[in-house]
Amino acid sequence: MENAAIARVFQEIADLLEIKGENAFRIRAYRAAADSVADCPERVADLPADRLHELPGIGKDLAAKIRELADTGGLAYHRTLLEEFPPSILDLLKLQGVGPKTVALLYRTLGISTLDELESAASTGRLRAIKGMGAKKEELILKALDERRRFSGRHLLADTHRVASTLVEHLRARAPHATIEPVGSLRRGSETCGDIDILAAGAPPEIMDWFTSAPAIARVLGRGDTKSSVLLDDGYQADLRLVPPESLGAALQYFTGSKAHNIALRDRALQRGLKLNEYGLFTVDDGTRVAGATEQEIYAALDLPFVPPELREHRGEIEAAGERRLPALIDRGDLRGDVHMHTTATDGHDDIETMARAAEALGYEYLAITDHSKALAMANGLDERRALAHAKAIREVGRRLEHVTVLAGIECDIRPDGSLDLADDCLAQLDLVIASVHSGFNQDEAQMTDRVLAALDNPWVDVLGHPTGRLLLRRDPYRLDVERVIQAAADAGVALEINSQPDRLDLSDVQARLARDRGVPIVISTDAHSHRGLDLVRWGIAVARRAWLEAPDVLNTRPFGEFRARLRRHRTSDARIASRR
DNA sequence: GCCGTTTTCGGCCCGACTGTTTTCAGTCG
């Protein structure tokens, strides 16, 4: 059983306990356990009991429940709860403005357990008959039902960034002297964002009007002096908080989250007799302000160095900060090359020279052109003859360019049987080979894992491209034992890619961190299909930072000579390669 | 249900906004 599936069961139990009105701390324990399982880079179902207990928030009871889920695929306690309430009742919880108390009330008084039943009750005026419900609430529920149909919730990081930037610029233009910053999951660089959080400090009160009347706003959910919420036309919820300038740092810290990081930080504050909220850090005794204007001074007052937002996921960053061993996170400026991109030879939009000059303009020292191989007929993939001719053309362009080295590479398909799409003799004549899966996604885990391991065994494979094949918000990763693949990559000296395409971000942050810990070299690439696509690297950098990566962990931060020397084909003692050298 | 440099019991983060409440409960983040 996958971690995500176990986490889902725990979240459902938490939801059901909330509807039952159970002890809030017990509910929180289930939610913390769900996060802990979801964040674990290894399959918790495979962990022995003593390792389970090492996971934060997993004690005797929850360890036993994980074991039961892993062994039987189900959980008796979960089934018992589902006998008390129909499972469809959980859909109601997802509606804006409908929480567990309301769901319980609807179920007990009117027997409502599905979205359709709720819609029918709301539209026929039966809801307002319930004590505590009025016409306003009824109207709110109808709107929430309509919105649920139109918007499904989460958005890609890159899309969220674009929408938030427009909104932030709209506000900055009107309040030029204020500090206005996006916070929340966007600032942490999460791969997907649920909504947009914006923080303003030192802005006039009218900022709330500018916000609630901004372009592209579909509905105002709430409007106050310090907090307002709106729904945007394209399905985003956006929140604006206004705080006094002396609270800017505290508010930045608070609204950037994550929730788990904040809880841990507040706990650390309490241990020191301090209370942390969005207005500042205060003594518990008499409420004296200790810090609040900057994030730095808050962390400093808690005996911590500044923790970069990307690390604030409660994945060991507070302990690491306390022990002064936070990583020096990689920056975009550390990259010296982009080694995965396409041209008009296959499905790219620009030719070799345009791509090379664009990479040069970004200040890169080298790049690799890696078009598709013949299995991707749809993309006009290259066979051996064309691949070698293309390599010749790439090297010719390279000779004309003074400041950038151009590598002739390929993104070679991994066939369903694990063999590569191009002959070894061809691959051996290229400068860099990325192997990727682009088809046959429906294989079972054993087949898919064997397939990828077979590809890693080919001595000419330098990089495994988008290792899990996921498409965010669209397609799950293919069934693959990622841990075994990471171990095999470590053994063979093959690099794993962090693909910067906003809907891939593959490897994920947690997987990339595990890979680095196992000694696997990482490359951060764009997989660009046009010269503008080279800019997407910022999203790959975001993943790398969330994976705690430092510049030396990433192969393409190395100067060209060193980068080349560290490619598998140049460092392995494999006899098959040695005989070619 | 978890957790422990006061602890195996008794804690567990906290404030803003809305609606229907005339003093507060529910929801959200």
Side-chain angles (χ1 to χ4, degrees), chain A residues 10 13-15 17-19 21-36 52-66 77 92-106 127-141 143-144 183-188 193-199 208 212 220-231 237-243 247 250-251 253-282 284 314:
Chain A
F10 285 168
I13 289 174
D15 285 344
L17 291 176
E18 275 202 297
I19 295 171
E22 269 274 0
N23 178 294
F25 298 109
R26 204 166 154 231
I27 293 162
R28 186 186 299 169
Y30 276 98
R31 297 213 189 279
D35 289 344
S36 196
L52 278 181
H53 285 292
E54 286 172 16
L55 295 177
I58 305 293
K60 188 159 167 277
D61 183 275
L62 286 171
K65 287 192 165 75
I66 290 174
Y77 182 56
L92 305 182
L93 265 187
K94 298 195 184 92
L95 295 173
Q96 176 78 38
V98 176
K101 297 288 193 286
T102 307
V103 171
L105 186 68
L106 291 169
L127 288 190
R128 56 185 102 170
I130 304 177
K131 186 170 158 51
M133 294 256 207
K136 263 274 178 52
K137 192 83 189 168
E138 190 173 87
E139 190 186 331
L140 221 74
I141 286 177
K143 271 195 170 144
V183 285
S185 51
L186 177 57
R187 183 165 179 239
R188 299 199 310 278
C193 303
D195 56 18
I196 293 170
D197 299 300
I198 299 172
L199 178 67
M208 288 298 165
T212 53
V220 177
L221 295 170
R223 195 244 181 246
D225 292 336
T226 63
K227 177 187 175 181
S228 295
S229 302
V230 299
L231 271 184
Q237 178 175 328
D239 296 338
L240 174 67
R241 300 288 297 235
L242 177 63
V243 299
S247 297
Q253 197 290 311
Y254 183 91
F255 293 115
T256 295
S258 67
K259 197 170 189 168
H261 175 85
N262 287 359
I263 288 174
L265 206 61
R266 266 174 249 142
D267 184 51
R268 187 176 175 97
L270 285 173
Q271 286 168 20
R272 287 164 171 70
L274 299 169
K275 196 178 80 135
L276 178 62
N277 60 30
E278 60 262 57
Y279 298 109
L281 185 64
F282 307 92
V284 171
H314 195 43

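Chain letters run A, B, ... following the sequence lines, proteins first, then strands; residues in each count from 1. Worth saying up front: this structure is predicted, and the values here are computed from it rather than measured. Only heavy atoms go into these numbers, but all of them, side chains included; no hydrogens, no water, no symmetry mates.
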For [N] and [X] - does any side-chain N or O of the residue sit under 4.0 Å from the phosphate oxygens OP1/OP2?
X      : N      : value
A:Y254 : B:dA16 : no
A:T226 : B:dC17 : yes
A:K275 : B:dG15 : yes
A:Q237 : B:dC28 : no

[N] and [M]: how far apart are their [atom1] atoms, nearest whole angstrom?
N      : M      : atom1 : result
B:dT20 : B:dG26 : P     : 14 Å
B:dT8  : B:dG15 : P     : 30 Å
B:dT23 : B:dT18 : C1'   : 15 Å
B:dT21 : B:dC17 : C1'   : 15 Å
B:dG11 : B:dT6  : C1'   : 13 Å
B:dT7  : B:dC2  : C1'   : 14 Å

Could you go step by step and tell me if A:K65 and A:F10 meet the side-chain contact (heavy atoms from CB on, under 4.5 Å) rule?
CA-CA 9 Å; A:K65 287 192 165 75; A:F10 285 168; 4.2 Å; yes
Could you work out which one of [options] sits closest to the side chain of [X]?
X      : options                : answer
A:E278 : B:dG1, B:dG15, B:dG26  : B:dG15
A:D195 : B:dG29, B:dG1, B:dG15  : B:dG29
A:K227 : B:dG19, B:dC12, B:dA16 : B:dA16
A:K259 : B:dG26, B:dG29, B:dC12 : B:dG29

Atom [atom1] of [X] and atom [atom2] of [N]: how far apart are they, to the nearest Å?
X      : N      : atom1 : atom2 : answer
A:F10  : B:dG1  : CZ    : P     : 10 Å
A:D225 : B:dC17 : CG    : C1'   : 11 Å
A:L95  : B:dC28 : CG    : C1'   : 14 Å
A:R241 : B:dC28 : CZ    : P     : 15 Å
A:Q96  : B:dC17 : CD    : C1'   : 12 Å
A:D267 : B:dC14 : CG    : P     : 10 Å
A:N23  : B:dC3  : CG    : C1'   : 14 Å
A:L140 : B:dC17 : CG    : P     : 17 Å

Is the backbone N or O of A:L240 less than 3.5 Å from a side-chain atom of A:S228, with the two atoms forming a donor-acceptor pair by type?
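No: the side chain of A:S228 does not pair with the backbone of A:L240.
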Where the side chain of A:D197 meets the backbone of A:V183, is there a donor-acceptor pair that is under 3.5 Å apart?
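A pair under 3.5 Å: no.
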Tell me the partner of B:dC24, counting only Watson-Crick (N1-N3 plus N6-O4 or O6-N4) or G-U wobble (N1-O2 and O6-N3) with both under 3.5 Å; none if nothing fits.
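Paired with B:dC24, as far as the under-3.5 Å criterion goes, is B:dG19.
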Does the pair A:R31/A:E18 count as a salt bridge with the N-to-O cut at 4.0 Å?
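Yes, this pair counts.
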Just to be sure I understand the rule, does [X] reach a base, reach only the sugar-phosphate, or reach nothing, if contact means heavy atoms closer than 4.0 Å?
X      : answer
A:A135 : sugar-phosphate
A:D239 : sugar-phosphate
A:T102 : sugar-phosphate
A:K131 : nothing

Could you check A:A29 against A:K137 and say which one's nearest nucleotide on DNA chain B is further toward the 5' end?
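Going by which nucleotide is closer to the 5' end, it is A:A29.
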Starting at the 5' end of DNA chain B, which residue's closest nucleotide do you reach first, A:Y77 or A:M133?
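That would be A:Y77.
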Closest approach of A:L242 and A:D225, non-hydrogen atoms and distance?
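For A:L242 and A:D225, the tightest heavy-atom pair comes out as CD2-O, 3.8 Å.
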Distance, nearest 0.5 Å, that separates CG of A:D195 from CG of A:L231
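Rounded to the nearest 0.5 Å, the CG-CG separation comes out at 10.0 Å.
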Go through A:H261 and A:Q253 one step at a time and tell me if the side-chain contact (heavy atoms from CB on, under 4.5 Å) criterion holds.
CA-CA 10 Å; A:H261 175 85; A:Q253 197 290 311; 3.6 Å; yes
